[in-house]
Amino acid sequence: MRRLIAVTAVAVLALVFATSAFAQGGHLRIGMTASDIPYTGGQTDNGFEGFRFVGYQIYEPLINWDLTRGDRLPPLVPGLAESWEVRKDNPARWVFKLRKNVKFHDGSPFNADAVIFSFESIKKRDAPHFDSYGSAQVSFRLTALKGISKLDDYTVEIDTGAPTSFVPYQIVYMVIVSPTQWNKVKDWRKFAEQPSGTGPFKVTRFVPRERLELEPNRQYWNDKRMPKVDKLTLFPMPEPTTRLAALRSGQVDWIEVPPPDSIAQLKGAGFQVVTNSYPHNWTHTLRLDKEPWNNKLVRKAANYAIDRVGICKSLLNDMCIPATGVAYKGHPWFGNPKEVYEYNPNKARELLKQAGYGPGKSVPKAVHLISTSGSGQMLPLAMNELIQKNLKEVGLEVDLQPVEWNTLLTRWRAGFQTPDNQGLNAWNISWNFLEPWSGFGRFFHSKSVVPVSVNTMPYLNPEVDKLLDEAEKTFDIAKQDAILARIHEIIVDDAPWIFVAHDLNPRGLSAKVRGFVQPQSWFVDLTAATVR
């Protein structure tokens, strides 16, 4: 009897310790800048905030970003593919060896069929499982991917039509969804209510515009990235003051983009404020086929009119770096642009005079679509008010039209030629330059003009086309960087954007949040965080 009691006691203690191993990380609550829960059906919306908190938590791509360190730009590492290579006998085809013994949240196996199903849901419009909404969010990031075939249950081959070194950087944006789960519901809206990926977290509760609750995927294939928290809840909070109040009151443990004027007080009250540089560009993308921005001198004048240092220091409390190009100085793609757009209103006025404008002829008013909040948008309303003031001081009138973030993204993807957008002259959207295609190809190559990709301006420069084609065929990274630096010099001189700032990605965290690493990325690894 004593032996039985002793054995039972040991069994109970073992169960307690086993349970505590899975229940010791606490409940992490995050206040996002999004005004609604990002789309949970796979290829998510709400820009990179959707990828950050939903896409890369519920799902996974074949290739991942390594977000475990903050002292360097994240490299690409194996995800659901253990390895990949371009075929030596046919450089327009890439072979991916898939990871075995991986299961979706619904218990079904991950394999080559799931990869093909996910590819077709984005790229094959006549497929019964084509996701028109999800495809619109991500297809412009996957332009090099033309076709896919199954070599065996754990090997797929992707056809790019022509040799390209950009394939791994595009694959990272295609997350893999469960064909078994979709076939149960046969509808992407219903699938989004009961999503199934292979990621470290799975959805337990979804309340539109209120919250998304997730829990760790205890069958996750990567033991090193098993989530430490017991529960993760995401709250849409587009208003900066609302997020700040939620953090201070203890409603949430983490907020994106705390108001800059609150940072000193947050630190003084024991909260953590984490920052890091990352490939981010806050800009106004200009319409180049219509006045006033079809004139290069006017575009340069606008760039010299902006007090970037004042915006970063006075408004954003040093939470950004002044931007004078797509990339920041010190980045391998920066090069040596001949134009350095420091704050110089007199030079701006002189350039407008050279363009034929002055007391007798005003520059036509421009209409710019901006957001009220959103991923990477920093403080768009306050920043744009200062930009509007700077431009007016040199004779450039801009009418700002604010809309909700996801609405802005939808209108941007459609381009300037739609009935809703024909009266516009620019959009204020923050961009990434994580890799060559996202930094340059999708915006500045003539083959990327809407609807193929998102060269909405459109920017048309044969020299840049030629250099981008050369960079795409260059597999040597150092040589590729040199080509991209030359491209950057040309773009800075052409000034198709009003360059404003590079964000430092500030986050406000409770002192109870431990283990989080702030990467040099738009994305984050939530698996190491705990709430004590």
Side-chain angles (χ1 to χ4, degrees), residues 43-52 55-56 61-67 73-76 79 122 135-145 160 164-175 277-283 285 323 325-328 331-335 374-377 409 412-413 427-459 464-465 467-474 477 480-481 483-485 487-488 490-492 496-497 499 502-503 505 519-524:
Q43 319 307 326
T44 188
D45 60 8
N46 271 278
F48 274 0
E49 190 166 44
F51 270 100
R52 184 183 312 142
Y56 284 159
L62 300 184
I63 301 174
N64 286 336
W65 298 103
D66 181 357
L67 303 170
L73 291 168
L76 295 177
I122 302 167
S135 175
Q137 312 307 314
V138 77
S139 59
F140 63 89
R141 302 188 191 280
L142 310 176
T143 54
L145 312 184
T160 58
T164 170
S165 62
F166 296 166
V167 168
Y169 291 113
Q170 297 197 12
I171 286 291
V172 78
Y173 297 118
M174 185 181 78
V175 299
S277 60
Y278 71 119
H280 170 281
N281 201 315
W282 196 95
T283 176
T285 301
V326 178
Y328 45 74
H331 192 280
W333 303 341
F334 188 78
S375 174
Q377 291 297 89
L409 291 179
W412 155 66
R413 281 191 293 269
W427 2 70
N428 166 224
I429 301 178
S430 55
W431 309 121
N432 80 84
F433 53 100
L434 292 169
E435 33 77 18
W437 183 255
S438 69
F440 298 108
R442 61 177 171 156
F443 298 122
F444 302 111
H445 200 296
S446 62
K447 70 181 181 183
S448 296
V449 171
V450 172
V452 174
S453 190
V454 288
N455 180 354
T456 61
M457 299 170 273
Y459 180 85
V464 168
D465 280 357
L467 288 168
L468 278 167
D469 291 342
E470 183 181 350
E472 187 170 10
K473 295 172 185 175
T474 302
I477 297 300
Q480 187 183 85
D481 285 346
I483 298 168
L484 295 169
I487 291 170
H488 188 248
I490 297 169
I491 290 169
V492 171
W497 296 353
F499 308 108
H502 303 295
D503 189 20
N505 210 6
Q520 294 183 31
S521 175
W522 288 70
F523 313 120
V524 295

Task: Min side-chain heavy-atom separation Q43-I122 under 4.5 Å - done: yes
Open item on the list: Could you tell me if the side chain of T456 sits less than 4.5 Å from the side chain of R413, heavy atoms only?
Closed with: no
Open item on the list: Using the rule given for side chain to side chain contact (heavy atoms under 4.5 Å, CB included), can you reason through T44 versus V175, listing the C-alpha separation, both sets of side-chain angles and the distance that settles it, and then say yes or no?
Closed with: CA-CA 9 Å; T44 188; V175 299; over 6 Å; no
TODO: Ignoring hydrogens and angles, tell me if any N or O in the side chain of H280 forms a donor-acceptor pair with the backbone of H502 under 3.5 Å.
DONE: no
Task: Of all pairs that satisfy salt bridge (Lys or Arg N to Asp or Glu O under 4.0 Å), the ones with a partner from residues 440-456, not counting sequence neighbours - done: K447-E472
- [ ] Side-chain contact test, heavy atoms from C-beta onward, threshold under 4.5 Å: evaluate it for L142 versus I171 and give yes or no.
- [x] no
Open item on the list: Less than 4.5 Å apart, side chain to side chain, heavy atoms only: is that true for M174 and P61?
Closed with: no
Task: Side chain to side chain, M457 and N455, heavy atoms closer than 4.5 Å - done: yes
Task: Polar side chain donor-acceptor pair, W431 to T285, under 3.5 angstrom - done: yes
Open item on the list: Tell me if the centroids of the rings in W497 and F444 come within less than 6.0 Å of each other.
Closed with: yes
TODO: Compute both the distance and the angle, then confirm whether R52 meets the cation-pi test with F523: under 6.0 Å from the six-membered ring centre, within 45 degrees of the axis.
DONE: no
Open item on the list: Would you say the ring centers of F499 and W282 fall short of 6.0 Å from each other?
Closed with: no
Task: Proximity of Y328 and W333 rings by center, below 6.0 Å - done: no
Task: W412 and N428, any side-chain heavy atoms less than 4.5 Å apart - done: no
- [ ] Please check if the side chain of D465 supplies one atom and the backbone of S446 the other of a donor-acceptor pair under 3.5 Å.
- [x] yes
TODO: State whether the side chain of E470 and the backbone N or O of I483 hold a donor-acceptor pair below 3.5 Å, judged by distance alone.
DONE: no
Open item on the list: Test of understanding: with side-chain hydrogen bond (donor to acceptor under 3.5 Å, both in side chains), list the residues that count as partners of S438, not counting sequence neighbours.
Closed with: N432, E435
Open item on the list: Could you tell me if the side chain of W437 sits less than 4.5 Å from the side chain of S448, heavy atoms only?
Closed with: yes
TODO: Would you check if the distance from the ring center of F51 to the ring center of W522 is below 6.0 Å?
DONE: no
TODO: Please report the shortest heavy-atom distance between I491 and P496, naming the atom on each side.
DONE: O-CD, 3.2 Å
Task: Sub-4.5 Å side-chain heavy-atom contact between Y56 and V172 - done: yes
- [ ] Give me the ring orientation class for H488 and F334: parallel if the planes are under 30° apart, tilted from 30 to 60°, perpendicular past 60°.
- [x] tilted
- [ ] For residues V326 and G439, report the shortest heavy-atom separation together with the two atoms involved.
- [x] CG1-O, 4.0 Å
- [ ] Could you tell me whether the side chains of S165 and Q480 share a donor-acceptor contact shorter than 3.5 Å?
- [x] yes
Open item on the list: Before we go on, tell me: are the rings of F440 and Y459 under 6.0 Å apart, centre to centre?
Closed with: no
Task: Aromatic contact, Y169 with F166 (centres under 6.0 Å) - done: no
